[in-house]
2 protein chains.
Amino acid sequence: MSRATVSRVVNGVRNVAPGIQQAVRDAVARTGYTPNQAARSLVTRRTGTVALVLSATGRAFAARVFSDPFFGRVVDGVLPVLRERTIQPVMLVAESEEARAQLVEYLRQGGADGALVVPLDADDPLPAMLVAADVPTVLFGRPHDSTRCGFVDLDNTAGARLAAEHLWATGRRRPATIAAPVSAPTAPERLDGFREAFAARGVTSVPVVRGRFSVDSGRRAMARLLKEHPGIDGVFAANDLMAQGACQYLREEGIAVPGSVAVVGFDDSVAARRAQPQLTTVRQPVERMAAAMARLLVEELTGGRPESDRQPHEPASKLFEPVLVVREST
Amino acid sequence: MSRATVSRVVNGVRNVAPGIQQAVRDAVARTGYTPNQAARSLVTRRTGTVALVLSATGRAFAARVFSDPFFGRVVDGVLPVLRERTIQPVMLVAESEEARAQLVEYLRQGGADGALVVPLDADDPLPAMLVAADVPTVLFGRPHDSTRCGFVDLDNTAGARLAAEHLWATGRRRPATIAAPVSAPTAPERLDGFREAFAARGVTSVPVVRGRFSVDSGRRAMARLLKEHPGIDGVFAANDLMAQGACQYLREEGIAVPGSVAVVGFDDSVAARRAQPQLTTVRQPVERMAAAMARLLVEELTGGRPESDRQPHEPASKLFEPVLVVREST
DNA sequence: GAAACGTGGGAGAGCGCTCTCCCGAACCTT
DNA sequence: AAGGTTCGGGAGAGCGCTCTCCCACGTTTC
């Protein structure tokens, strides 16, 4: 029997007589034969693999990533989409500049067919590097520079506006906000959206303290806010973890939530439900966004580009709308 | 110029005249040439890649993994070791039975040179599957069955004993423990170690409630413990997150920590320092253990086995001793 | 000055697959 | 019954590297 026939059976291409098919399968099972991935991708120019890249500069890498439920949600969203298509998901991390270079090299050498990138900093150079290296790439969050690649994004401005309008509607007139770190991609939108919505209603001064997305930083931010602006009656935090921290601090200080101060979070992560009180928050459908991101990439990969008309790129993207979820903290 | 010369320059093997070397480098830079990884591994039978595998059965996969600082510490420990040797780390997850099968297939086809496995359940079949598939494997935690492969482990019994002895030494005579989920690999050792140490001192009845490694489950466990055994004066939790939850609950109920009830955690993760009060805890050097795990695998991979004397396996392993860290909660 | 040696570079054989031909046999069609 | 049309299977050419020969040239040695 020829290699060709075996190949046909294994890959399920063309017709092979059932008898022969069975014979091949038996032989495969008997000998424990495994096709060599390297040889296969050498000719197919495919690895059947997609990289999920987590990019964060600076230290305390793991602490940043593995304490926030956010990335877990991304993983949860991406996995089913890839599994369903029998694409092997591999997670890559770029925790330093060297790591980033190594990673780009790995991908351009064909380590994976494409990359799903979750940048944790707005000025992350990785997306641009990948696009320059001709790696099919889809981002979580709009690319900040002119990098032309696919992405999914949330209308963060609208989300922040939702929070502001809700606080306004429930009678809060002395708002403050615990903003994201300046480096965060979503920081400006969530901050400005909140401020502008209040400005439009005549409230021009909104105290801002930056947090670092953690529960702890939320506590500290709340403490500072309260010290510098004792009259505050409504707080919008740029994620649920910080909102949770704010609530903890307020209650410890004997300040009623939502009685005296209302708190709105962002994301609607598990933390929002787990917090005491349960958080009113702006829902970001992370899992759905991540799934969409994976689908976008898969389409680009299988997009049947007939070799010739490979446009420089035609970045597809998808936008999501936030929704306000009202619970106990407002 | 021949391909061979280029290959020699790129891989830095043998002597190549400096002039020629420069010429090659220039050409590479100019044309943006990138060697094809697939072709290379086809002949070298190496990918230059090591997989860090996270295996967890059951649902809420991401929630389990990305909310506990534990896995982040493993990553932090593994990365430097691999980076230093320019081995590309790829993280793989086995979140379902299918995923597990797919993953094993991927690795035996040569998707990576070896696997570092962190099983979250004691009865995880993955390690055995990998060993059966001839994938060089090193585990975090002693293999539960007769799987012959390398591993690193902590003396969990000794750790639990440390906690017990400390509680005893500080005058606690009515201990209780918030144990790990039955499925956790470390559950029996940490539980039995604690009980036996007290039994040796004449305290035979130690109430046990199972938690799920989360802050929340720690709170609930503490609540139940207190309700069913109001006299408790010392609690040992199987990880810091649960200890933190226990402290939170106790303080909310107006019970002084460590005044009325002392609390000891396990791991010495960031959560221990962040908790209020700061946790007395049994230190598990996760980063060092993870680094050792990576080194063990690298040695097995580069271990110069001269092809012929490939023993069935000679599993190397390394054991670590826990240390008690006394802070404010006792 | 000839033989021995070392050193840099080319030729070419694979690595293990996939995939395009191509050919023989069986099945229709008129 | 002769031609055309499937259909199943084999042969063999690569995919892009690495690595072992092997050869040509310069350098040393007696």
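Source: prediction; values computed, not measured. We name chains A, B, ... by the order of the sequence lines, and we start the count at 1 in each one.
Checked against dC19(C), dG16(C), dC17(D), the side chain of Pro35(B) finds its nearest nucleotide in dC17(D). The side chain of Ala39(B) sits closest to dG16(D) out of dG16(D), dG16(C), dC19(D). Of the candidate nucleotides dC17(D), dC15(C), dC15(D), dC15(C) has the atom nearest to the side chain of Leu42(B).
For the pair Gln109(A) CD and dT18(D) C1', the computed distance is 15 Å after rounding to whole Å. Distance, Gln37(A) CD to dC15(D) C1': 14 Å, rounded to whole Å. Following rounding to the nearest Å, Arg46(B) (CZ) and dC19(D) (C1') show an atom-to-atom distance of 16 Å. Nucleotide dG16(D) holds its P atom 14 Å from the CZ atom of Arg40(B), rounded to whole Å.
At the phosphate of dG16(D), OP1 or OP2 sits under 4.0 Å from a side-chain N or O atom of Arg45(A).
A donor-acceptor contact closer than 3.5 angstrom links the side chains of Thr34(A) and Arg108(B).
Exactly one residue among Leu139(B), Val104(B), Leu103(B) makes a side chain to side chain contact (heavy atoms under 4.5 Å, CB included) with Val53(B). That residue is Leu103(B).
Contact check on Glu95(A) versus Arg83(B) returns a salt bridge, with a Lys/Arg side-chain nitrogen under 4.0 Å from an Asp/Glu carboxylate oxygen.
No donor-acceptor pair closer than 3.5 Å links the side chain of Asp121(B) to the backbone N or O of Asp123(B).
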